[in-house]
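The next block holds one structure in the form of structure tokens; read it before the comments.
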Amino acid sequence: MNNKEPSLIDKMVGQLLRKRRRELKLTQEELGEIIGLAFQQIQKYERGANRIPAGRLYEFATALGVDISYFYQDAAATLDQQPVSTQTETPKDGFEISREGKRMLKAFERIECDAVRSRISTFIVGLAETELSKVE
């Protein structure tokens, strides 16, 4: 996963931001005015579409009257539910993924079933080997 993309924890933090804002009966516009952001950015944070920078999260905690740890209250349980990655190889220096490759990787990451992911991987490897044998 690209380290700039929101993780499961980032999405959880966004959900807690929304929950606390609603508890205080604030609109996204009102919270945005307090923090100095457009409501659209608040919306992106709450949906988990954008990661919340540490300094901004501190501002949210202060504005919403909670300790910053509020946003991480369920982080350990959430991480425990995450499947452990078995990937051990890293790409060689200079390796770049094409636009189509990135698109495929993003789609592949959304597949939650390990069996389906395994079948797709097997299919792609087999397809690539077939294509290579045609060239040789």
Side-chain angles (χ1 to χ4, degrees):
M1 182 169 81
N2 180 339
N3 66 357
K4 292 185 180 182
E5 292 179 21
S7 68
L8 185 59
I9 298 297
D10 295 315
K11 292 176 182 179
M12 181 198 72
V13 168
Q15 290 170 354
L16 289 170
L17 174 63
R18 173 180 284 140
K19 177 183 172 195
R20 181 64 180 158
R21 176 184 59 78
R22 287 180 173 173
E23 285 174 356
L24 297 175
K25 299 187 184 338
L26 290 171
T27 65
Q28 290 174 335
E29 292 87 357
E30 291 167 334
L31 180 57
E33 287 176 20
I34 294 168
I35 300 293
L37 293 173
F39 80 91
Q40 293 94 334
Q41 187 59 50
I42 304 289
Q43 195 174 55
K44 289 176 184 178
Y45 288 150
E46 289 184 352
R47 280 194 335 247
N50 287 12
R51 299 179 80 178
I52 304 174
R56 182 73 69 202
L57 190 59
Y58 179 80
E59 291 174 0
F60 281 127
T62 302
L64 298 172
V66 293
D67 188 79
I68 200 163
S69 63
Y70 166 84
F71 295 105
Y72 298 101
Q73 62 189 3
D74 296 325
T78 301
L79 286 174
D80 288 344
Q81 294 172 6
Q82 284 281 90
V84 177
S85 175
T86 57
Q87 182 178 0
T88 56
E89 296 180 1
T90 56
K92 295 180 181 176
D93 290 344
F95 179 78
E96 290 187 28
I97 299 173
S98 69
R99 173 181 274 162
E100 189 63 25
K102 288 178 185 177
R103 194 168 145 239
M104 286 177 47
L105 282 173
K106 283 184 179 185
F108 188 77
E109 287 176 340
R110 290 193 308 260
I111 299 170
E112 295 180 6
C113 178
D114 290 336
V116 171
R117 288 171 69 119
S118 178
R119 287 184 194 135
I120 291 171
S121 295
T122 301
F123 171 75
I124 291 172
V125 169
L127 185 61
E129 288 172 356
T130 302
E131 288 297 310
L132 285 175
S133 66
K134 288 180 184 178
V135 174
E136 297 171 348

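What you see below is based on every heavy atom in this structure, not just the backbone, and it leaves out hydrogens, waters and symmetry mates.
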Donor-acceptor contact present, side-chain Glu30 to main-chain Thr27, <3.5 Å: yes
Separation of Arg119 CZ from Ile111 CD1 (nearest 0.5 Å): 11.5 Å
Leu16/Phe60 under side chain to side chain contact (heavy atoms under 4.5 Å, CB included): CA gap, chis, key distance, verdict: CA-CA 11 Å; Leu16 289 170; Phe60 281 127; over 6 Å; no
Atom pair CZ (Arg22) and CG (Leu24), whose distance is rounded to the nearest 0.5 Å: 12.5 Å
Atom of Ile34, atom of Ala63 and distance for their closest heavy-atom approach: CG2-CB, 3.7 Å
Inter-residue atom distance Glu46.CD - Ile52.CD1, 0.5 Å rounding: 8.5 Å
Inter-residue atom distance Arg18.CZ - Gln15.CD, 0.5 Å rounding: 7.5 Å
Working for side chain to side chain contact (heavy atoms under 4.5 Å, CB included), residues Tyr70 and Lys19: CA-CA 11 Å; Tyr70 166 84; Lys19 177 183 172 195; 3.9 Å; yes
Side chain to side chain, Leu64 and Leu26, heavy atoms closer than 4.5 Å: yes
Hphob cluster co-occupancy, Leu31 + Phe39, side-chain heavy atoms under 4.5 angstrom: no
From CG (Asn50) to CG (Asp10), nearest 0.5 Å: 10.0 Å
From CA spacing to verdict: side chain to side chain contact (heavy atoms under 4.5 Å, CB included), Tyr72, Leu57: CA-CA 11 Å; Tyr72 298 101; Leu57 190 59; 3.2 Å; yes
Steps toward side chain to side chain contact (heavy atoms under 4.5 Å, CB included) verdict (Tyr45, Arg56): CA-CA 11 Å; Tyr45 288 150; Arg56 182 73 69 202; 4.1 Å; yes
Arg47, CZ: over 12 other non-hydrogen atoms inside 6.0 angstrom: yes
